[in-house]
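Because the structure is predicted, anything quoted here is derived from the model rather than measured. Residue numbers begin at 1 in each chain, while the letters A, B, ... track the order of the sequences.
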Amino acid sequence: MRTSQFPLNTVKETPADAEIISHQLMIRAGLVRKLASGLYNWLPLGVRVLQKVQAIVREEMNSAGALEVLMPVVQPAELWEESGRWEQYGPELARLTDRHGREFCLGPTHEEIITELARNEIKSYKQLPISYYQIQTKFRDEIRPRFGIMRSREFLMKDAYSFHMDDESLQQTYDRMFQAYNNIFSRLGLDFRPVLADTGSIGGNASHEFHVLAESGEDAIAFSSESQYAANVEKADALPPTQPRAEATLSLQKVSTVGQRSIEQISVFLKVDPKQCLKTLLVKGDDDNVVALLLRGDHALNEIKAEKLAGVASPLTLASDDDIQRIAGCQAGYIGPIGLDIPMIVDHSAAKMADFVCGANENDSHLTGVNWARDLADVDTTADIRQVVEGDPSPDGQGTLTIARGIEVGHIFQLGTKYSEAMKASVLNENGKNQTMTMGCYGIGITRVIAAAIEQNNDAKGIIWPAALAPFQVALLPMNMHKSERLKDVCETLYKELIEAGFEVLFDDRKVRPGFMFSDMELIGIPHRIVLGDRGLDNGMVEYRGRQDADNTDIALKDIIQHLKDTI
RNA sequence: CGGGGCGUAGCGCAGCCUGGUAGCGCACCAGUAUGGGGUACUGGUGGUCGGAGGUUCAAAUCCUCUCGCCCCGACCA
C-alpha cells in the first residue's frame with residue numbers, strides 16, 4: 001500500500017476527551033474516530049487491525065471445531081421474554097419498536113437467538129455436541145461509556161455457543177475452548193491470564209475470564225504467590241482467620257464523635273487502626289426487611305458474595321436513610337450491632353475482632369472497647385462477605401494473594417440448562433425421549449482486544465504493535481525521493497519485491513520531510529522500517545530499524561529481503 | 001441516577017466577567033526557500049460562536065429553556 005493512496009489520518013495533538021493511552025493513540029494514529037458517545041467509526045488503518053484479530057480468532061475457533069454463523073443484531077422481544085431477560089436486563093438493553101408495533105432489542109449478546117436456532121435445527125443426540133460462533137456487532141447501552149474503544153456502547157464481539165447431551169461433554173468443549181483462548185491471546189502477543197470468574201447476569205456454573213494485564217484495567221485480579229490460582233477479586237474467597245480472637249482488655253465506653261462518620265474519620269479522630277473499627281452496613285433483606293452486614297473497618301464489602309447469601313436481596317440494595325433511622329435510631333455513620341434487633345451477617349474477620357470500635361446507634365456517638373460475647377451476643381455463624389486484599393492467604397491454601405489490574409478480553413461460561421430449559425431446546429436421546437441440551441458460551445471482545453493490546457504496548461512515540469496485530473509489517477521510507485530518479489527506481493523495485501516476498505508493506509511515497517515520515521510510522525506502530533537514501537545507495541546499503549530498536553542497522557540492499565525474512 | 005466541567009474553523013484553545021464588524025496555534029490549499037527526526041517564510045480556504053426563545057439600538061458575551069460531550073461518584077454506615 002502507498003501512503004499516497006492510503007491516507008494515514010494521523011493527528012499530532014492529543015484529543016481533549018481521551019483519558020487513557022489506548023484511546024489517545026487510537027485517535028492520534030487514525031484507527032478510529034468518535035461518532036457519538038460510545039460509538040466509533042473505524043478508519044481503513046483500524047480495519048486492517050480488526051481483520052488481523054478476526055483472522056486469528058476464526059482460525060482458532062475453526063480448529064476448535066466451532067462452526068461460523070451470523071445472527072441478527074436486531075432481535076425479537078418474544079425470545080427475550082421466553083428466557084426471562086426482557087424483564088431482567090434493565091435499561092442497558094436498547095429496545096425498539098418496528099412500524100407494526102412489534103418489539104425488538106439490539107442484541108447485547110446472542111444466547112436467546114442461538115438457542116432458538118439450535119432448538120429448530122438440532123433434533124437428535126447424534127448431532128451433538130456442536131459449537132457455533134459468530135463475529136458480530138453488539139450493543140449495550142452502558143451507563144457511562146468510557147475509555148474509548150475499551151467500554152463503548154457498540155462493539156465487535158466473537159461469541160460462541162456449544163450444545164451438549166451432558167455435563168461431561170460440556171466440560172470437554174469447555175476445556176477445548178479454554179485452550180483455544182490461550183492460543184488466541186498467545187498468538188496476539190498479549191500478556192494475559194485466565195482467572196476464575198463470577199458468572200454474573202448470564203448465569204451458569206464454571207467460568208473463566210481472560211484478562212490482559214494493564215494498570216488501566218477496570219477489574220482487579222487476585223493471584224497466588226505460590227500456585228497457579230488466579231481469580232477475579234469478585235470471586236476470590238477470603239479464608240477465615242486461623243488465629244483465635246484476642247482477649248478483651250478494655251471496658252465498654254461511649255465516646256462523642258461529632259461529625260465523624262466514616263471509618264477513616266473515626267480512626268483518625270479516635271487514633272485507632274481501621275482494623276479495630278467495625279463497619280455496620282444495612283441492606284435490604286429478601287422480604288422487605290433489613291439485614292445488617294458486619295465487616296472489619298479496613299475491609300470492603302463484596303456485593304456479589306453478599307447478594308448470594310440467603311436472606312439478602314439480590315441485587316444488593318442499601319437501606320434507605322428512613323429505614324436506617326427507623327431501625328438503628330440514628331443516621332448512617334453511627335450504626336453499630338449493639339441493640340440492633342435485625343438479622344446480622346458477620347464476616348469471618350469481623351467475628352475475630354476484640355476491643356473494637358463501632359457506632360452507638362445514636363447520632364454523634366461511637367462505642368469503644370466493644371467485645372463479642374461480653375457486650376453483645378457472640379457470633380454464632382460467620383460468612384465470607386468481604387473483598388480479598390493484598391496479602392490475604394490464597395484460597396487454595398498455597399501462598400498469599402497479590403492484586404493486579406486487568407482488562408477483561410475474554411469470558412467463557414458453562415451455562416448448563418439455563419436457556420435451553422427456559423426456551424425448551426431439547427433433542428431426542430438414545431431412548432427416543434426428549435432431553436434438554438446443556439450449553440456453554442464463550443466470548444471475546446474483538447474491539448476491546450485492540451485497545452488492550454495498545455494499552456500494554458506503547459511508548460512516547462506511539463503504538464508498538466505485537467507482530468500479529470500490526471496493520472502493516474514493513475514501512476518503506478525513501479528520503480527525498482522526488483530529487484532522485486535512481487532512489488525512486490530502487491524503491492519501486494524493492495516495494496514490488498517485498499510484496500512478492502509476502503510482506504505487508506506501507507510505502508511512504510508522500511513528498512514530506514523525513515522527520516514527518518518517521519513520526520507517522522512510529523505513531524501507527526509499524527514494527528519494521530526500511531529507510532533508503534541516495535547516500536546509502538552509493539554504497540549499495542539501506543537502513544533497517546525495528547520499532548523498538550535504539551539505532552539503525554545498515555544492510556546491503558541485496559540482502560534486505562532475506563534480513564526481513566530472518567527477523568520477522 | 002447524583003455531583004462537577006465543557007460546547008467558538010477539521011483538531012487544540014483565547015475572547016464572555018465589563019455587549020459594539022470573530023481571533024490564535026496546528027491541519028488543509030498555493031508559492032518560495034529548505035531537504036535524514038513533525039523545517040521556515042509569504043499568501044489563502046474554512047465559523048448562522050451546539051440549538052431555541054428572550055432582554056437590547058446592538059448578543060459568542062446577559063437571562064430562560066433545551067440538546068450534546070467529558071470527568072468523578074453510585075461501598076459514609
Could you tell me whether A/Arg48 sits above the aromatic face of A/Phe472, with NZ or CZ closer than 6.0 angstrom to the six-membered ring centre and within 45 degrees of the axis?
yes
Of the residues in residues 364-380 of chain A, which ones touch RNA chain B at a heavy-atom distance under 4.0 Å?
none
Partner of B/G12 by Watson-Crick or G-U wobble geometry, both contacts under 3.5 Å, or none?
B/C24
Rounding to an integer number of angstrom, what distance separates B/A22 and B/C17 when you compare their P atoms?
16 Å
Can you tell me the Watson-Crick or wobble partner of B/G53, both distances under 3.5 angstrom?
B/C63
For the CD atom on A/Glu92, are there more than 12 heavy atoms of other groups (residues, nucleotides or ligands in this structure) within a distance under 6.0 Å?
yes
Are the aromatic rings of A/Phe6 and A/Phe507 close, with centres under 6.0 Å apart?
no
Rounded to whole angstrom, note down the P distance from B/C16 over to B/C62.
9 Å
Does NZ or CZ of A/Arg140 come closer than 6.0 Å to the centre of the six-membered ring of A/Phe155, within 45° of the ring's axis?
no
Roughly how far apart, to the nearest Å, are B/A9 and B/G4 at atom P?
27 Å
Answer with yes or no whether the side chains of A/Thr3 and A/Asp509 bring together a donor and an acceptor at under 3.5 Å.
yes
Checking the side chain of A/Asp508 only, and the main-chain atoms of A/Pro478 only, is there a donor and an acceptor separated by less than 3.5 Å?
no
Check whether any side-chain N or O of A/Arg448 sits under 3.5 Å from a backbone N or O of A/Glu408 as a donor-acceptor pair, and report yes or no.
yes
Output yes when a side-chain donor or acceptor of A/Glu209 lies under 3.5 Å from a complementary backbone atom of A/Val195, and no otherwise.
no
Mind calculating the distance between NZ (A/Lys511) and P (B/U34) to the nearest angstrom?
12 Å
Option among A/Thr257, A/Asp364, A/Thr280 that satisfies the side-chain hydrogen bond (donor to acceptor under 3.5 Å, both in side chains) test with A/Tyr334
A/Asp364
Does B/G36 have a Watson-Crick or wobble partner in any strand here, with both distances under 3.5 angstrom, and which is it?
none
The residue, A/Ala332 or A/Val512, whose nearest nucleotide of RNA chain B is more 5′ is A/Val512
Can you check the distance between B/G38 and B/G3, where both ends of the measurement are the P atom (answer in whole Å)?
48 Å
In terms of side-chain heavy atoms of A/Lys34, which of B/G37, B/G38, B/C69 is nearest?
B/C69
Quick test: give all pairs of protein nitrogen or oxygen and nucleotides 71-73 of chain B nitrogen or oxygen below 3.5 Å, distance rounded to 0.1 Å.
from, atom 1, to, atom 2, distance (Å)
B/C72, OP2, A/Arg144, NH1, 3.0
B/C72, OP2, A/Arg144, NH2, 2.8

Does B/C76 pair with anything, Watson-Crick or G-U wobble, both distances under 3.5 Å, and if so, with which nucleotide?
none
Should we count CD of A/Glu87 as having more than 12 external heavy atoms under 6.0 Å?
no
Could you check which nucleotide pairs with B/U45 in any of the strands shown, counting Watson-Crick or G-U wobble with both distances under 3.5 Å?
none
Rounded to whole angstroms, how far apart are CG on A/Asp549 and C1' on B/G37?
16 Å
In the structure I gave you, are the side-chain heavy atoms of A/Ile21 and A/Glu455 within less than 4.5 Å of one another anywhere?
yes
Side chain of A/Glu492, backbone of A/Lys488: donor and acceptor closer than 3.5 Å?
no
Looking at every strand, decide which applies to A/Gln331 at a 4.0 Å heavy-atom threshold: base, sugar-phosphate, or nothing.
nothing
Can you tell me, in whole Å, how much space there is between the P of B/G37 and that of B/U21?
46 Å
Span that lies between the C1' atom of B/C11 and that of B/G53, in whole angstrom:
32 Å
May I ask you to say what A/Ala300 touches in the nucleic acid, namely base, sugar-phosphate or nothing, with a heavy-atom cut-off under 4.0 Å?
base
Is it the case that A/Glu103 and A/Thr97 place a side-chain donor and acceptor less than 3.5 Å from each other?
no
Can a donor-acceptor pair under 3.5 Å be found between the side-chain atoms of A/Arg529 and the base atoms of B/G37?
yes
Whole angstrom value for the distance that separates C1' of B/A77 from CZ of A/Arg296
18 Å
Can you check the distance between B/G15 and B/G20, where both ends of the measurement are the P atom (answer in whole Å)?
14 Å
A/Glu142 has an atom CD; how far is it from atom C1' of B/C70, in whole Å?
16 Å
Once you apply the 3.5 Å cut-off to both distances, tell me the Watson-Crick or G-U wobble partner of B/A58, or none.
none
Nearest whole Å is fine: how far is B/A77 P from A/Tyr334 OH?
12 Å
Within 45° of the ring axis of A/Trp80 and under 6.0 Å from its six-membered ring centre, is that where the NZ or CZ of A/Arg95 lies?
no
On RNA chain B, nearest-nucleotide positions of A/Ala36 versus A/Glu543: which is more 5'?
A/Glu543
Check the distance between B/A77's C1' and A/Phe356's CZ and give it to me in whole angstrom.
15 Å
Just compare B/A77, B/G36, B/U39 and give me whichever is closest to any side-chain atom of A/Arg513.
B/U39
Provide the distance between the two C1' atoms, one in B/U64 and one in B/A74, to the nearest whole Å.
31 Å
Could you list all N or O pairs between the protein and nucleotides 25-30 of chain B that sit under 3.5 Å apart?
from, atom 1, to, atom 2, distance (Å)
B/G25, N2, A/Glu13, OE2, 2.8

Could you state the CG-C1' distance from A/Asp323 to B/A77, rounded to the nearest angstrom?
14 Å
Classify A/Gly359 by what it touches in the nucleic acid, base, sugar-phosphate, or nothing, heavy-atom distance under 4.0 Å.
nothing
Just checking A/Glu390: does its CD atom have more than 12 heavy atoms from other residues, nucleotides or ligands closer to it than 6.0 angstrom?
yes
State the pairing partner of B/C69; accept Watson-Crick or G-U wobble contacts with both distances under 3.5 Å, and report none otherwise.
B/G5
With hydrogens left out and only the distance checked, is there a donor-acceptor pair under 3.5 Å joining A/Asn480's side chain and the base of B/G36?
no
Could you give the CD1-to-C1' distance, from A/Ile266 to B/A77, as a whole number of Å?
10 Å
In terms of side-chain heavy atoms of A/Ser37, which of B/U39, B/C70, B/C75 is nearest?
B/C70
